[in-house]
Amino acid sequence: MMLERVKQLFAAWIDATGAAIQSILGQLVPQRRVVLTPREGTSFIAQAPAPRKGPALPEIILNLENGKVASPLPEPWRAALRGSHVEVGLRSDQVLLRPVAFPKQASDFLGGMIRAQIDRLTPWTAEEAVFGWSVPQPAAGERIALTLAATSRSLVQPLIALAGTLDAKSVAGVIEAATGDTTETIKVFEQGLHGSLSRRIDVPRLLRHALLAMAVATVATLGITGYLGSVVAADQQSVQRLIAERRASLRLNRQGGGSAENLLAKRKQTTPATVMVLEAISRVLPDATYVTELRIEGDKIQVVGMTQDAPSLIRLMEQSPQFTRATFFAPTTRAQNEPGERFHIEAHITAYFGSGS
């Protein structure tokens with residue numbers, strides 16, 4: 001269930017991001033305005049105002065059959081409709097016009113006020129209706145007056161489908177309504193469509209491929225970085241060990257042969273200091289491990305204590321450059337009153353502990 005929830009959230013993010021990118025792309029691409037004026041029956045007069053560049057197209061008549069244009073369109077008109085904003089004129093018998101008054105304080109949230117009362121003002125509910133309103137005008141009694149234009153959502157669906165067949169990017173329905181002494185164009189509905197640009201560019205698919213490529217590149221980078229880091233660390237430890245051995249050899253060569261002083265100096269150089277052994281073992285053992293006994297005899301160290309995972313201590317000591325041939329010299333036990341395993345580990349100590357030895 002958790003995986004399914006993550007998949008749903010990822011799909012929703014992809015869709016939202018894709019819609020945002022498509023919206024930005026749509027704003028960058030010029031959008032032509034095409035006006036469809038209704039005639040008698042099921043025909044429209046199509047007009048395309050002249051764009052900033054290029055001549056205006058001559059108006060044509062679109063005759064509809066089963067919600068589609070009956071005859072093929074000329075190529076200039078097909079190009080003009082592709083990705084355009086289609087503005088469909090609605091007839092007065094298709095739209096309910098009604099004067100409405102609200103308190104002046106409601107001017108900032110008229111949409112919510114009208115939607116809340118749409119079932120009282122029209123024969124439809126808010127889900128069944130599409131509606132718009134004129135510019136509010138001051139009225140008596142600290143009120144504002146406007147003209148509500150509403151129609152059934154099912155009535156405009158064929159117009160939306162028609163705009164889709166014309167390869168338009170968006171469609172709006174408008175009506176001319178008398179408001180006072182003037183006539184005003186009221187937008188009853190507006191809806192975006194999947195125009196030709198969004199069909200040519202599958203933005204969600206491109207996003208999924210880009211994220212997959214980024215994930216593969218990240219995994220490959222982490223793998224290469226980890227491998228190179230381990231190689232460099234091993235080479236660095238080897239170099240430090242060689243430097244320490246070379247320095248000790250040079251000191252002994254300068255001091256010469258077999259006097260007691262020289263023998264003591266040689267022993268000092270070849271035997272690790274107890275403090276350094278303690279420091280090394282403290283770095284190797286995990287925080288949850290406790291040492292109860294520690295013995296150092298020559299080049300061997302014996303450690304007794306408590307831990308949660310005794311076998312892992314062998315691996316940790318073997319990985320350390322300061323210890324080799326780590327093994328258990330007594331059985332590992334666990335008592336009922338003890339919080340962990342009692343271990344007994346023995347290992348050989350490397351004579352040199354870094355360049356400071």
Side-chain angles (χ1 to χ4, degrees), residues 19-20 23 26-27 30-52 56 59 62 64 84-164 166 168-193:
S23 176
Q27 294 177 1
Q31 188 176 2
R32 189 163 188 173
R33 177 170 169 264
V34 176
V35 179
L36 301 184
T37 304
R39 301 179 67 206
E40 295 182 358
T42 58
S43 61
F44 292 87
I45 299 176
Q47 298 172 308
R52 287 180 295 179
E59 64 181 37
L62 302 181
L64 305 184
S84 65
H85 172 70
V86 176
E87 192 174 279
V88 184
L90 303 175
R91 299 193 303 268
S92 58
D93 60 342
Q94 296 175 317
V95 181
L96 171 67
L97 297 174
R98 184 167 185 175
V100 183
F102 289 100
K104 185 177 180 181
Q105 294 79 3
S107 58
D108 294 333
F109 43 92
L110 281 176
M113 293 283 291
I114 295 175
R115 177 171 293 276
Q117 303 183 46
I118 197 69
D119 54 348
R120 184 179 64 83
L121 299 174
T122 70
W124 311 285
T125 64
E127 291 74 19
E128 298 170 343
V130 291
F131 55 90
W133 58 89
S134 64
V135 177
Q137 301 295 331
E142 293 294 321
R143 299 175 69 82
I144 53 175
L146 54 88
T147 299
L148 172 67
T151 188
S152 171
R153 188 179 298 274
S154 60
L155 187 144
V156 303
Q157 286 300 328
L159 301 178
I160 297 174
L162 171 63
L166 297 176
K169 182 184 176 183
S170 59
V171 59
V174 299
I175 188 170
E176 299 290 333
T179 56
D181 298 333
T182 62
T183 300
E184 183 179 343
T185 300
I186 301 177
K187 183 184 294 184
V188 181
F189 74 92
E190 184 172 12
Q191 182 166 328
L193 304 171

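- Residues meeting the side-chain contact (heavy atoms from CB on, under 4.5 Å) test with Ala149, sequence neighbours left out: Val95, Leu97, Ile175, Ile186, Val188.
- With sequence neighbours left out, Asp93 forms a salt bridge (Lys or Arg N to Asp or Glu O under 4.0 Å) with Arg91.
- Closest approach of Val86 and Ala168 over heavy atoms only: CG2-CB, 3.5 Å.
- Here the CZ atom belonging to Phe189 is positioned 9.0 Å from the CG atom belonging to Leu155, to the nearest 0.5 angstrom.
- Contact of the Leu90 side chain with the Leu159 side chain is registered, since non-hydrogen atoms from C-beta on lie closer than 4.5 Å.
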- request: Go through the steps to decide whether Leu110 and Ile144 satisfy the test side-chain contact (heavy atoms from CB on, under 4.5 Å), and finish with yes or no.
  value: CA-CA 11 Å; Leu110 281 176; Ile144 53 175; 4.1 Å; yes
Let me have the donor-acceptor pairs involving side chains of residues 100-107, under 3.5 Å, with sequence neighbours excluded, atom names and distances please.
residue	atom	partner	partner atom	Å
Ser107	OG	Lys104	O	3.2

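- When the side-chain contact (heavy atoms from CB on, under 4.5 Å) test is applied to Ala126, the partners found at least two apart in sequence or on another chain are Arg115, Ile118.
- The closest donor-acceptor contact from the side chain of Glu184 to the backbone of Val135 lies under 3.5 Å.
- Every residue two or more places apart in sequence or in another chain that forms a side-chain contact (heavy atoms from CB on, under 4.5 Å) with Ser43 is listed here: Arg39, Ile61, Asn63.
- Between Gly132 and Leu148, the shortest heavy-atom contact is O-CD1, 3.4 Å.
- Remark: Glu59 engages Gln47 in a side-chain hydrogen bond (donor to acceptor under 3.5 Å, both in side chains) (not counting sequence neighbours).
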message: Using the rule given for side-chain contact (heavy atoms from CB on, under 4.5 Å), can you reason through Leu62 versus Leu162, listing the C-alpha separation, both sets of side-chain angles and the distance that settles it, and then say yes or no?
response: CA-CA 11 Å; Leu62 302 181; Leu162 171 63; 5.8 Å; no
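- With sequence neighbours left out, the salt bridge (Lys or Arg N to Asp or Glu O under 4.0 Å) criterion links Arg120 to no other residue.
- Partners of Glu190 according to the salt bridge (Lys or Arg N to Asp or Glu O under 4.0 Å) rule, which considers only residues two or more places apart in sequence or in another chain, are Lys187.
- Closest approach of Ser170 and His85 over heavy atoms only: OG-ND1, 2.7 Å.
- Pairs passing the side-chain hydrogen bond (donor to acceptor under 3.5 Å, both in side chains) check and including a residue from residues 134-153, sequence neighbours excluded, read Ser152-Ser154.
- Taking both residues in full, the closest heavy atoms of Ala150 and Phe131 are given as CB-CB, 3.8 Å, listed atom of the first, atom of the second, then distance.
- Every residue meeting the side-chain contact (heavy atoms from CB on, under 4.5 Å) condition with Thr182, not counting sequence neighbours, appears here in chain and number order: Thr179.
- For the atom pair CD of Glu176 and OG1 of Thr37, the computed distance is 9.5 Å after rounding to the nearest 0.5 Å.
- Among all heavy-atom pairs drawn from Thr125 and Asp119, the shortest one is CA-CB, 4.2 Å.
- Side-chain contact between Pro123 and Leu96 is present, with at least one heavy-atom pair separated by less than 4.5 Å.
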